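Only one structure is covered here, and it is reproduced in the block below.
First listed ligand is number 1; within each ligand, the first listed atom is number 1. Just so it is clear, the structure is predicted and the values come from calculations on it, not from any experiment.
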Amino acid sequence: MRTQVGIVGAGPAGLMLSHLLHQRGIDSVVIDLKTREDIEETIKAGVLEQGTTDLMNATGVGDRMRRDGFVHHGINLAFSGAIHRIDLYENSGGRAVTVYPQHEVLKDLIARRLADGGDIRFGISDTTVDGLTGDRPTISFVAEGQRQQLECDFVAGCDGSQTCTRFLMPEGTIRTDFFRQYPFAWFGILAEAPPSSDELIYAHSDRGFALISTRSPSVQRLYFQCDPATDPADWPDDRIWEEIAARVGTAGATIKTGKIFAKGVLQFRSYVCEPMQYGRLFLAGDAAHTVPPTGAKGLNLAIADVHVLDRALGAYYEARDTGLLEAYTQTVLKRVWRAQHFSWWMTSMLHRFAEATGFDLRRQIAELETITSSPSGSRLLAENYTGLPLT
Ligand code: PHB
């Protein structure tokens with residue numbers, strides 16, 4: 001088999017890259033270890049930046065999102081017994097976010113790729129990649145019991161945080177110090193319940209952080225800060241609802257409870273792989289970087305990466321111009337580090353650190369007051385939350 005771009009991973013980065021390349025007449029094959037059902041059903045992120053929705057609309061994959069997604073013009077910060085709304089729209093020059101689950105984005109991209117004759121191989125195994133420093137790299141994998149060879153011009157490593165492609169880069173070529181582990185995690189639930197709030201609530205409390213998010217009018221996504229070693233089995237439904245109410249209810253929100261049908265613990269890390277390329281290999285999305293979920297940036301960074309990679313590959317195929325490909329890491333990492341800073345900042349402003357003293361808690365409250373009461377503070381948050389424009 002032969003293609004122009006071999007894409008490892010059918011997540012947001014891999015599928016959007018394949019879709020964008022197709023629109024400029026560049027061929028790709030996408031492979032993934034998971035089955036299509038698994039990819040289309042695994043519940044992950046849910047907040048799309050303005051740039052992500054604009055790109056989906058501009059490239060013809062935004063119909064269901066416009067119909068079923070919810071545009072939010074604000075978010076709430078709850079602290080010191082009150083809820084403070086930040087108007088994202090007013091404070092960002094007319095930008096907003098859309099609540100539309102990641103697995104729905106993936107369904108839309110898969111459906112469109114297949115309708116356009118795209119080649120996606122689900123449920124493959126035993127991937128190896130060779131020849132990255134030459135001009136004919138090869139991806140080898142097993143599909144339906146048969147070993148297949150896929151010869152390509154370029155390999156895109158879009159295989160998420162459990163990446164194998166990042167480890168194709170020889171030791172010594174990657175920085176190893178761009179990593180941070182946080183001393184807490186999020187306990188996340190999905191519940192059959194009506195929304196507790198029209199817009200997301202990020203809550204600071206003496207008991208730790210909580211987040212009220214949503215997936216649809218009948219399914220809600222809620223989180224609360226917990227110890228990374230927390231076992232969901234120790235948390236019966238009643239205890240979860242009590243803990244969330246204790247953290248958010250004091251600010252005046254009424255939490256609408258319901259049947260909890262998924263519980264899980266999400267670890268918190270920040271990581272950046274630099275460089276994001278080696279020979280003919282280009283990494284994109286979680287394969288190259290991880291942010292804590294507090295800023296809702298993970299999925300959006302993946303889309304921003306492949307927006308850059310698509311244009312760089314376009315310049316190569318149109319004019320054999322390698323300039324944008326050579327600059328890929330540098331171009332992409334500017335935005336990645338801005339998102340790293342924003343995610344770290346939101347995390348440190350809202351969470352309770354184990355060693356926190358009275359001083360630290362009051363300092364956080366003062367910071368939240370600055371952000372909610374100063375127009376420049378609100379603008380800083382709104383511009384970053386709705387996302388920097390795709391360049
Ligand atoms: C979510 O709905 O899963 C969600 C929303 C906002 C965040 C993180 C996660 O900051």
Side-chain angles (χ1 to χ4, degrees), residues 11-12 41-50 52-53 65 68-79 85-86 88 96-106 161 182 184-204 208-226 240 244 247-248 253 255-256 260-270 286 289-303 338-351 368 371 381-387:
E41 277 158 29
T42 307
I43 299 199
K44 295 210 169 158
V47 177
L48 308 182
E49 289 179 359
Q50 183 73 51
T52 300
T53 56
M65 174 193 65
D68 298 341
F70 294 89
V71 177
H72 286 202
H73 282 187
I75 59 166
N76 299 291
L77 296 177
F79 59 93
R85 179 172 188 267
I86 302 236
L88 298 173
V97 294
T98 301
V99 174
Y100 185 63
Q102 173 167 323
H103 66 281
E104 300 294 342
V105 175
L106 298 181
S161 52
Y182 295 78
F184 41 74
W186 277 6
F187 195 112
I189 62 162
L190 284 160
E192 283 163 16
S196 295
S197 169
D198 290 341
E199 294 171 338
L200 272 57
I201 304 176
Y202 289 79
H204 174 280
F209 172 77
L211 170 59
I212 310 302
S213 181
T214 181
R215 282 293 176 276
S216 73
S218 57
V219 174
Q220 309 314 316
R221 183 80 166 132
L222 298 94
Y223 302 94
F224 60 91
Q225 176 186 351
C226 66
I240 292 174
I244 293 171
R247 296 184 189 201
V248 190
I255 301 303
K256 303 213 173 94
I260 297 175
F261 63 92
K263 300 177 190 178
V265 173
L266 245 92
Q267 302 299 328
F268 261 55
R269 294 191 186 92
S270 300
D286 280 3
H289 38 71
T290 307
V291 286
T294 326
K297 288 284 163 261
L299 159 67
N300 296 293
L301 278 181
I303 298 296
R338 294 278 301 267
Q340 284 290 0
H341 170 251
F342 179 67
S343 306
W344 167 87
W345 173 58
M346 288 282 280
T347 301
S348 60
M349 179 164 66
L350 289 161
H351 288 72
L368 286 159
I371 293 307
L381 192 145
E383 284 168 358
N384 284 281
Y385 194 84
T386 56

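R247 places a side-chain N or O within donor-acceptor distance of the main-chain N or O of Q225, the cut-off being under 3.5 Å. With N384 contributing its side chain and S343 its backbone, the two residues share no donor-acceptor pair below 3.5 Å.
Scanning for ring-ring contact (aromatic ring centres under 6.0 Å, His included) contacts around Y223 gives W186, with sequence neighbours left out. With sequence neighbours excluded, no residue satisfies ring-ring contact (aromatic ring centres under 6.0 Å, His included) with H72. Take F224 and apply the ring-ring contact (aromatic ring centres under 6.0 Å, His included) test, not counting sequence neighbours, and it matches F187, W235.
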Pairs of nitrogen or oxygen atoms, one from ligand 1 and one from the protein, closer than 3.5 Å: please tabulate them with distances.
unit_1   : atom_1 : unit_2 : atom_2 : d
ligand 1 : 2 (O)  : S213   : OG     : 2.6
ligand 1 : 2 (O)  : R215   : NH1    : 2.8
ligand 1 : 2 (O)  : R215   : NH2    : 3.4
ligand 1 : 3 (O)  : R215   : NH2    : 2.7
ligand 1 : 3 (O)  : Y223   : OH     : 2.6
ligand 1 : 10 (O) : Y202   : OH     : 2.7
ligand 1 : 10 (O) : P293   : O      : 2.8
ligand 1 : 10 (O) : T294   : O      : 3.1

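Side-chain atoms of T386 and E49 include no donor-acceptor pair closer than 3.5 Å.
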